[in-house]
Amino acid sequence: HLEESGGGSVQAGGSLRLSCVAAISYPCMGWFREVQGDEREAVGRIDSDGNTEYVESVKGRFTISKDAFNNTMYLQMNSLNPEDTAMYYCAADAFGERLCHVAEASDYNYWGQGTQVTVSS
């Protein structure tokens, strides 16, 4: 069970921090986003060692981190722009390090319900 929070409405240039609380510890967790009618896009992921990677469009603006003690993953989003408007989902699974960094949305078995992020210009 995963639960996201922290979404909301913000003006361009603003910041939001999303949280994803898991009931148990997962070695691989990721953030995805979806605009209605489009495919779910990977935003970034974090593996069991804390290594992260991001889609090119958010590099330098978004940061994924985790609090292993509380089974919580965060997505710090800075310099938001209207193109970041989407429903954001967290996903998790028991992937090892190698698979964690190639897994696509369809590979993840555990998802949160999503939290909406709206950025106005």
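As a basis for the values below, the full set of heavy atoms in this structure was taken, side chains included, without hydrogen atoms, waters or symmetry mates.
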>> Treating R45 as the side-chain partner and A103 as the backbone partner, does any N or O pair qualify as donor plus acceptor under 3.5 Å?
In response: yes
>> Please report the interatomic distance OG(S57) to CG(D84), rounded to the nearest 0.5 Å.
In response: 7.0 Å
> Can you name the closest pair of heavy atoms from A22 and L2 and give their distance?
Replying inline: CB-CD2, 3.5 Å
>> Quick one: does any side-chain atom of D67 pair with a main-chain N or O of T72 as donor and acceptor, under 3.5 Å?
In response: no
> Once you round to the nearest 0.5 Å, how far does CD1 of I24 lie from CG of N71?
Replying inline: 8.0 Å
> For S120, does its backbone N or O pair with a side-chain atom of Q11 as donor and acceptor, under 3.5 Å?
Replying inline: no
>> Among Y89, F95, Y26, which residue satisfies the ring pair (Phe, Tyr, Trp, His ring centres under 6.0 Å) criterion with Y110?
In response: Y26
> Of T52, N51, D47, which meets side-chain hydrogen bond (donor to acceptor under 3.5 Å, both in side chains) against H101?
Replying inline: D47
>> Looking at every non-hydrogen atom in both residues, tell me the closest pair between S121 and A12 and how far apart they are.
In response: CA-CB, 4.3 Å
>> To the closest 0.5 Å, what do you measure between CH2 (W111) and CD (E4)?
In response: 9.5 Å
> Do you know the tightest heavy-atom contact between L80 and V10?
Replying inline: CD1-CG1, 3.6 Å
> So, S106 side chain and E104 main chain: donor-acceptor pair closer than 3.5 Å or not?
Replying inline: no
> Side-chain donor-acceptor pair under 3.5 Å between N78 and Q76, yes or no?
Replying inline: yes
>> Do R17 and Y74 pair up side chain to side chain, a donor and an acceptor below 3.5 Å, judged on atom types alone?
In response: no
>> Would you say Y54 ends up clustered with L99 if hydrophobic residues are merged whenever their side chains have heavy atoms under 4.5 Å apart, either directly or through other cluster members?
In response: no
> If you round to the nearest 0.5 Å, how far is CE of M77 from CZ of F62?
Replying inline: 5.5 Å
>> As an exercise, state the distance from CE of M29 to OG of S48, rounded to the nearest 0.5 Å.
In response: 12.5 Å
>> Are I64 and V43 packed together at the side-chain level, in the sense that at least one heavy-atom pair is separated by less than 4.5 angstrom?
In response: no
> Does V55 belong to the same Ile/Leu/Val/Met/Phe/Trp/Tyr cluster as Y88, with side-chain heavy atoms less than 4.5 Å apart forming each link?
Replying inline: yes
>> Looking at every non-hydrogen atom in both residues, tell me the closest pair between M73 and C90 and how far apart they are.
In response: CE-CB, 3.7 Å
> Any side-chain heavy atom of I46 within less than 4.5 Å of one from W31?
Replying inline: no
>> For a quick test of reading the model, state the closest non-hydrogen atom pair linking C28 to Y108 and the distance between them.
In response: SG-OH, 3.4 Å
>> Set out, in order, the CA-CA distance, both residues' side-chain angles and the distance that settles side chain to side chain contact (heavy atoms under 4.5 Å, CB included) for V117 and L16, then state yes or no.
In response: CA-CA 8 Å; V117 171; L16 285 172; 3.9 Å; yes
>> How close do T118 and Q116 get, counting heavy atoms only, and between which atoms?
In response: OG1-NE2, 3.4 Å
>> Strictly distance-based, threshold 3.5 Å: is any side-chain N or O of R33 a donor or acceptor partner for the main-chain N or O of M87?
In response: no
> Atom OG1 in T115, atom CD in E3: separation rounded to 0.5 Å?
Replying inline: 10.0 Å
> Is there a side-chain contact between E97 and D49, using heavy atoms and a 4.5 Å cut-off?
Replying inline: yes
